[in-house]
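The next block holds one structure in the form of structure tokens; read it before the comments.
Just so it is clear, the values below take in all heavy atoms, side chains as well, and ignore hydrogens, waters and symmetry mates.
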Amino acid sequence: MTTTTVASFEIKYHQYLDAQGKPTQKLPAFAKDMDTMRKLYREMALLRAFDAKAYALQRTGKMGTYPASLGQEAIGIGYGDAMTADDVLIPYYRSTGAMLKHGVTMKEILLYWGGDEEGSNYSVAKEDFPICVPIANQIVHASGVAKAIQMRGQKRAVATEIGEGGTSEGDFYEGINVAGIWNLGVVFMINNNQWAISVPTEIQTACETYAQKAIAAGIEGVQVDGNDIIAVKQVADYAFEKARNGGGPTLIEAITYRLCDHTTADDASRYDDPKVKEEAWKNEPMVRLRKYLEANKAWSDKDEDAMKAEIAKEVDAAVKEYEEAPKPGPELMFDHLYAELPENTKPQREAAIKLAEKARGAK
């Protein structure tokens, strides 16, 4: 029997800085601008400090469940930096970095995780979607928004993010499939942090890479060192420019490691090998970028101390705003769900208000 190859593919891997912060190849122009690199470093530091404070709020009963981005900061900050104000972000629960980059405030993020619907009423990023907690729904949402943008003839890109575990969901394949068919301007970012809650990647898929899942949809798939913010930003810059100008979708797999629990409701010590995690700490994105800055005489211990003090004040101010915000009533569940409340739902709204008033009176 004679056979011929009818299709083949390859996945490109992108890296500019190794774990010691040393260039592995010629750097893009923006990476030589130390002001730009200091800004990116500070934004990663802000995200890390904000996550730590959010954890503390949850642990002290002042906020609900929260998913941190420890060790994964270069992903959200990197692709968030490639977005313009006109682009649309469809976030998932670990997209805090990209949300901050796109104008969502720390107070708004805290309100959301504190159970206040007003947290999704963004003051700046008006057309960005609320955080999507159901796994992979955001992929379909992103393709839907990109189709609307395409029909309007607008030069705008849509960004969405998903954990590698979410790529096993049907919604993921449906979303990237229609993006390929319709040549939609979407950037699909896979945060491959090695864990689908407690399921390690090696028993979660038989694929060699997550990037190759793009091939099934007929779209471009690339892999990037997710701990190298230069590589993440460079690949994202390319993907967003392509998306805005009719070049179609791109799927980016960013390889990193989750150095924290899945959420505050998880205990990763039950399943994560401490030796593996110890090695992962040596490869984390902030130390890598700091080494690069120091090698270029663009950062010092004095700079680090000053930055941390400034960030601490910013985070504390946001927490103060959150804690002083009026407590939401149960009516917001209804008011933010419907443009016009259906008649048969109005009694439910009134009953919820009365129950809340009764509970407050009993205290």
Q. Considering residues at least two apart in sequence or located in another chain, which fulfil the side chain to side chain donor-acceptor pair (under 3.5 Å) criterion with Lys320?
A. Glu324
Q: Go through the structure and list residues passing side-chain contact (heavy atoms from CB on, under 4.5 Å) with Gln150, not counting sequence neighbours.
A: Lys147, Trp182, Leu184
Q. Considering residues at least two apart in sequence or located in another chain, which fulfil the salt bridge (charged side-chain N to carboxylate O under 4.0 Å, His left out) criterion with Lys53?
A. Asp316
Q | More than 12 heavy atoms of other groups within 6.0 Å of Lys126 NZ | A | yes
Q: Measure the CD1-OG1 distance between Ile255 and Thr201 for me, rounded to the nearest 0.5 Å.
A: 9.0 Å
Q: Quick one: list whatever passes ring pair (Phe, Tyr, Trp, His ring centres under 6.0 Å) with Tyr271, sequence neighbours left out.
A: Trp195
(Q) I need the full list of side chain to side chain donor-acceptor pair (under 3.5 Å) pairs touching residues 20-30, with sequence neighbours left out, sorted by first then second residue. (A) none
Q: Kindly write out the residues that satisfy salt bridge (charged side-chain N to carboxylate O under 4.0 Å, His left out) with Lys62, not counting sequence neighbours, or none if the list is empty.
A: Glu323
Q) Got more than 12 heavy atoms from elsewhere within 6.0 Å of CD, Glu202? A) yes
Q: Among residues two or more places apart or on two chains, list those pairs meeting salt bridge (charged side-chain N to carboxylate O under 4.0 Å, His left out) that have a residue in residues 325-338.
A: Asp335-Arg349
Q: Inspect the contact between Lys39 and Asp33 and indicate whether a charged nitrogen and a carboxylate oxygen are less than 4.0 angstrom apart.
A: no
Q | salt bridge (charged side-chain N to carboxylate O under 4.0 Å, His left out) involving Lys155 - partner list, sequence neighbours excluded | A | none
Q.
My understanding is that only residues two or more places apart in sequence, or in another chain, count here; which of them pass side-chain contact (heavy atoms from CB on, under 4.5 Å) with Glu279?
A. Lys282
Q) Taking only residues two or more places apart in sequence, or in another chain, which ones meet Tyr41 in a ring pair (Phe, Tyr, Trp, His ring centres under 6.0 Å)? A) Trp299
Q) What closest approach, in Å, do Arg59 and Thr264 show between heavy atoms, and which atom pair accounts for it? A) NH1-O, 2.8 Å
Q. Has Lys277 got its NZ or CZ under 6.0 Å from the middle of the six-membered ring of Tyr257, at an angle within 45 degrees of the ring axis?
A. no
**Q.** Non-neighbouring partners of Tyr93 that pass ring pair (Phe, Tyr, Trp, His ring centres under 6.0 Å), sequence neighbours left out
**A.** His262
Q: Go through the structure and list residues passing salt bridge (charged side-chain N to carboxylate O under 4.0 Å, His left out) with Asp51, not counting sequence neighbours.
A: none
Q.
Assess whether a salt bridge exists between Lys107 and Glu118, defined as any Lys/Arg side-chain N lying under 4.0 Å from an Asp/Glu carboxylate O.
A. no
